[in-house]
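A quick write-up on the structure given underneath.
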2 protein chains.
Amino acid sequence: MTTETHRDDAAARLRAAGLKVTAPRLAVLDAVSGHGHLDADAVLARVTGTLHGTSLQSVYNVLGALTDAGLLRRIEPAESPALYESRTGDNHHHVVCTRCHAVADVDCVVGEPPCLAPSDAAGFAIHTAEVTFWGLCADCQRELAG
Amino acid sequence: MTTETHRDDAAARLRAAGLKVTAPRLAVLDAVSGHGHLDADAVLARVTGTLHGTSLQSVYNVLGALTDAGLLRRIEPAESPALYESRTGDNHHHVVCTRCHAVADVDCVVGEPPCLAPSDAAGFAIHTAEVTFWGLCADCQRELAG
DNA sequence: AAGTTGTTTTGAATCACTCAAAACAACTGC
DNA sequence: GCAGTTGTTTTGAGTGATTCAAAACAACTT
């Protein structure tokens, strides 16, 4: 069964990260995986279906643990609560809609490292470049045009 | 007097933006100008010297008005409160220290527009690219080395 | 100098998130 | 399989940053 396989994978990844395998963790991992960019409330909403008695606090705990372990990535666009996504490892970027705050992934095309090399970094030893694009999402463009 | 001139400039810029010229606004504008990247508390601290009876709330109001008017720019790096700077108009970027949260300006060198042109923007009509570099500031490098 | 409208002040409220202690459940070794 | 240990979850309260709202006030207009 695909679902079974997924759960096993998730369990294995938790274990590999040195984390105990628990129902809340499997549920959160599943809720975030393949569902874009979710804030803590959205994760709770998706999780309360399969898990009962969960609280926002637990979701925060789990999200924190999974993020620290590198199984999830946290982004914090201006004017939005923290969002979590399952795509980790590659340092991809994001587009945020200035009207509805929708978020989408963006692959940094233009020769990857260029952005990573500012000429004058004011003496900083830089290790990451984070790029956030701002614009109107397709839906909002339509609504404003129509 | 230079100070006089500064104040007149500030007043003119407020008027040009359609804003009334008030003591709190002149004070906040002066506090932020040429003093890097300040959060609301820091602005209040710098302002309470010259202005008495001010509150954090007023500072928030003024910062909001000045930002909306384009006289200040607001940045919101992850894990920091909102920061305000007087350098507006050019879309420069920032380096943030992962250890002490110090912030410095960075001019986007590498041919400006490259970052502004992601191949696949998921249907978004992009109008801004925001780049945040993360690394260790000079002071923190020293402290960790020594 | 008076009126109008935008600002500031005061005070309370909200949102997103963290802290802490007690109850609990996974994994370890026997 | 079962007890022990240690990491997790739960419950409840608390904090920091920011916003909301209404009344007092001051800048600009005529």
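All figures in this text were calculated on a predicted structure; none of them were measured in a lab. Quick note on labels: first sequence line is chain A, next is B, and so on, each numbered from 1.
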Could you state the atom-to-atom distance from CZ of A/Arg25 to C1' of D/dT9 in whole Å? 9 Å

Find the distance A/Leu19:CG to C/dA25:C1' and express it as a whole number of Å. 15 Å

Counting the atoms with a prime plus P, OP1 and OP2 as sugar-phosphate, which does A/Leu56 contact under 4.0 Å by heavy atoms, base, sugar-phosphate, or nothing? nothing

By ring-ring contact (aromatic ring centres under 6.0 Å, His included), which residues pair with B/His94, not counting sequence neighbours? B/His37, B/His92

Shortest side-chain distance from A/Lys20, nucleotide among C/dT8, C/dC27, C/dT18: C/dC27

Tested for side chain to side chain contact (heavy atoms under 4.5 Å, CB included) against B/Arg25, the lone hit among B/Asp30, B/Val62, B/Asn61 is B/Val62

Look at A/Thr22 and D/dT9 and indicate whether a side-chain polar atom (N or O) is within less than 4.0 Å of OP1 or OP2. yes

If I take atom CG in residue A/Leu14 and atom C1' in nucleotide D/dG7, what distance separates them, rounded to the nearest angstrom? 13 Å

Walking DNA chain C from its 5' end, the first of A/Arg15 and B/Leu51 to be reached, judged by nearest nucleotide, is B/Leu51

When every non-hydrogen atom of A/Ala27 is compared with those of A/Leu51, the smallest separation belongs to CB-CD2, 4.3 Å

Residue whose closest nucleotide on DNA chain D lies nearer the 5' end, B/Pro81 versus A/Ala65: A/Ala65

From D/dT8, C/dT8, D/dC28, pick the nucleotide closest to the side chain of B/Val21? D/dC28

Salt bridge flag under 4.0 Å for residues A/Arg99 and A/Glu143: yes

Kindly point out which of D/dA17, C/dT8, C/dT18 is positioned nearest to the side chain of A/Tyr60? C/dT18

Taking only N and O in the side chain of B/Ser55, is any of them less than 4.0 Å away from OP1 or OP2 of C/dT10? no

Gap between atoms CD and P, on A/Glu76 and D/dG16 respectively (whole Å): 18 Å

Answer yes or no: is there an ion pair linking B/Arg46 with B/Asp39, defined by an N-O contact shorter than 4.0 Å? no

Starting from the 5' end of DNA chain D, give me the residue, B/Ala82 or A/Asn61, whose nearest nucleotide shows up first. A/Asn61

What's the CG-P distance between A/Leu63 and C/dA16, to the nearest Å? 14 Å

note: B/Arg74, atom CZ; D/dA17, atom C1'; distance rounded to Å ~ 12 Å

Between D/dG7 atom C1' and A/Leu66 atom CG, what is the distance in whole Å? 14 Å

Just the rounded figure in Å: distance from P of C/dT8 to NE2 of B/His52. 15 Å

Assess whether one donor atom and one acceptor atom, taken from the side chain of A/Gln57 and the base of C/dC19, lie less than 3.5 Å apart. yes

